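Below is one structure, written out as structure tokens, with a few remarks after it.
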Amino acid sequence: MNTLSPRNSILGVDAYFQGNHPMPAASETVRVRFAPSPTGYLHIGGARTILFNWLVARKAGGCMVLRIEDTDQARHVEDSVQKILDDLRWLGLTWDEGPEAGGDYGPYFQSQRLDIYNQYMQQLLESGRAYYALETPQELNDMREKAKKEHGGFRYPRPNPLPTIEQGQQAKQEGQRVVVRCKMPDEDITVHDSILGDVTLTADQFEDFIIQKGDGYPTYHFACVVDDALMKITHVLRGQEHLMNSHKHVALQRALGFPTPIYGHMPVIFNMDGSKMSKRDKEKAIKAGLAPPEIEVHDFRTAGFLPEAILNFIALLGWSTGDDKETYTLDELTQAFSMERIGKTNAKFDRAKLLSFNTDWAARLPEAKLLERLKDYAAINDLPMQSANDDMLTRLLQACAGFRTFADLQKKIGFLFVQDQAIEYDPKAVKKVLAKNDNAGFSILAQTQTKLESLEHFTKASIEALVKDLCDSLDTKMGNIAQPIRVAVSGSTVSPSIGETLELLGKERTLNRINKCLAILA
RNA sequence: GCCCCCAUCGUCUAGUGGCCUAGGAUACCGGCUUUUCAUGCCGGCGACAGGGGUUCGAGUCCCCUUGGGGGUGCCA
């Protein structure tokens, strides 16, 4: 599946070096990548990054590569690769190469590619495009602080003369932690960004940045450039926070003789208050006694959102077609997508609008799909609902039509999966619906109970007819009869329509619960 | 501090010099539907950050100011 790219030819490379930013030739396979670092769950911003990359690949019939950037030993979180993979699958964003998929350009874990990096590192060292730097972290820190105090900014001063390779290796042998820095060329660098246009940084703004850490691991910049080249990545779509990195990457590509991929730096997603969406927000909210906001994809999954809605919503964060259509399936997105229409402005993540998208998707998703999603929701939250079979769950879906999230659905029908004796009555509901007006609700409930007892066919239709009759004979509104029953059997004022509610529960359990409820009075 | 990016309703956005008395969505407000919660339907409120240019004409082009964001890590 991996055709050899014409970019391998000198001509291709040259074309890239001209900075003309050619679109890949028609014959060239478009290859994009998503490269998360395994520090936790998949962030919602990361989801949009992979979505846009995925769309570019799918649209062009290209290849989606998943690469794990695990070069930071300290921040590595156990299990997070599996968690990221799992949420990606849930979203339906598949990858053609990477963990569990294999591919011709592996390994796809950077921690397993150290030999490769070392080889190119050596090449740079020997060609004089990189050099060993002997400062300790402490020394650098001091320099930085001093510079900050004096003129606000710090730029690593290139040693003169540069330490030789021999000096560097000797220092290493003596047990010193030595880093490698890239020797930046004395020339301006222009990055051609397909979203933002040309961005030029002048030579005096560069510093010799670190490409190999003291522990021997490459830094992000180096590993990323080497891997993108070796994995034949043609398009790099990433967050705008990487814009300033791309000049370093271009410098590295030139030093190594690699082509420069097509770059696109996407706008960033923020909270409604303009702050960064961070998993720390959750801890903060909990400390403040508030419900934690959804930040990672998994949070939305647990909260009962549909992947279809999330994908649709985040696709429209920083991208639009120009027409009024707002509802898109993944296939429709693939059809409609184009990099040219990605915007430049940062977006705020409006959960209220996501909720509206979710409501919409819950109503339009085919039943079988919705059922599958509901089962995932039940499993992930370990809900008693899991015991229900598909027919039952489908009925619940229908009974709750119009629900916003699965969490709302759960709230509405959770009472079905509780033992009759374990029903808890919401005091507010009891007061408002049953106790008010000298226990009017209780008295209606008692009357209804007798009627229900003698009802032979305990179905939605017959129950509704019964309630309607009672309604007429007592000359009262439906609500005055339905609500007391609803509270009696569910404990709360919210449930499906009253006929549906009782039929789902069944005659025996309905009567049990009404009895239990009437006992409150005693 | 220095460097870079960005700027239309509260929010997501359409708009590429005349089609804009600025369109859609969402939120909000009001009404209708309704046995609860939702859904659904109808209506309303609501924006070109400010100032200079260019032009017959500017939301659209240029400059400045302001505001927001990013970078300035042996994080990615």
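Labels below follow one simple rule: chain letters A, B, ... track the order of the sequence lines, proteins then strands, and each chain is numbered from 1. In this text, all values refer to a predicted model and were calculated from it rather than measured experimentally. Basis for what follows: all heavy atoms, side chains included, without hydrogens, waters or symmetry-related copies.
A:Ser111 and A:Asp70 form a side-chain donor-acceptor contact under 3.5 Å, judged by distance and modelled atom types alone. No side-chain donor-acceptor contact under 3.5 Å links A:Gln398 and A:Arg395.
When the side-chain hydrogen bond (donor to acceptor under 3.5 Å, both in side chains) test is applied to A:Asn118, the partners found at least two apart in sequence or on another chain are A:Gln212.
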TODO: Give the B/S/- string for nucleotides 59-64 of chain B, one per nucleotide from 5' to 3', where a protein heavy atom under 4.0 Å of the base yields B, of only the sugar-phosphate yields S, and otherwise -.
DONE: ------
Task: Under 4.0 Å protein heavy-atom contacts per nucleotide of nucleotides 68-76 of chain B, with B for base, S for backbone only and - for none - done: -SSSSSBBB
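Taking the six-membered ring where tryptophan is involved, the planes of A:Tyr328 and A:Trp319 are perpendicular, since the angle between them exceeds 60° and thus also 30°. The aromatic rings of A:Tyr131 and A:Tyr156 sit parallel to each other, their planes meeting at less than 30°, with 60° as the upper class boundary.
In this structure, A:Phe442 and A:Cys517 have side chains that are in contact, with non-hydrogen atoms separated by less than 4.5 Å.
A:Asp323 contributes no side-chain N or O that forms a donor-acceptor pair with the base of B:G24 under 3.5 Å. Contact of A:Lys353 with B:A27 (side chain to base): no donor-acceptor pair of N or O atoms is detected under 3.5 Å.
For A:Lys344, a side-chain nitrogen or oxygen approaches OP1 or OP2 of B:C6 to under 4.0 Å. Between A:Ser320 and the phosphate of B:A14, there is a side-chain N or O to OP1/OP2 separation shorter than 4.0 Å.
The side chain of A:Ser356 sits closest to B:A27 out of B:C5, B:C3, B:A27.
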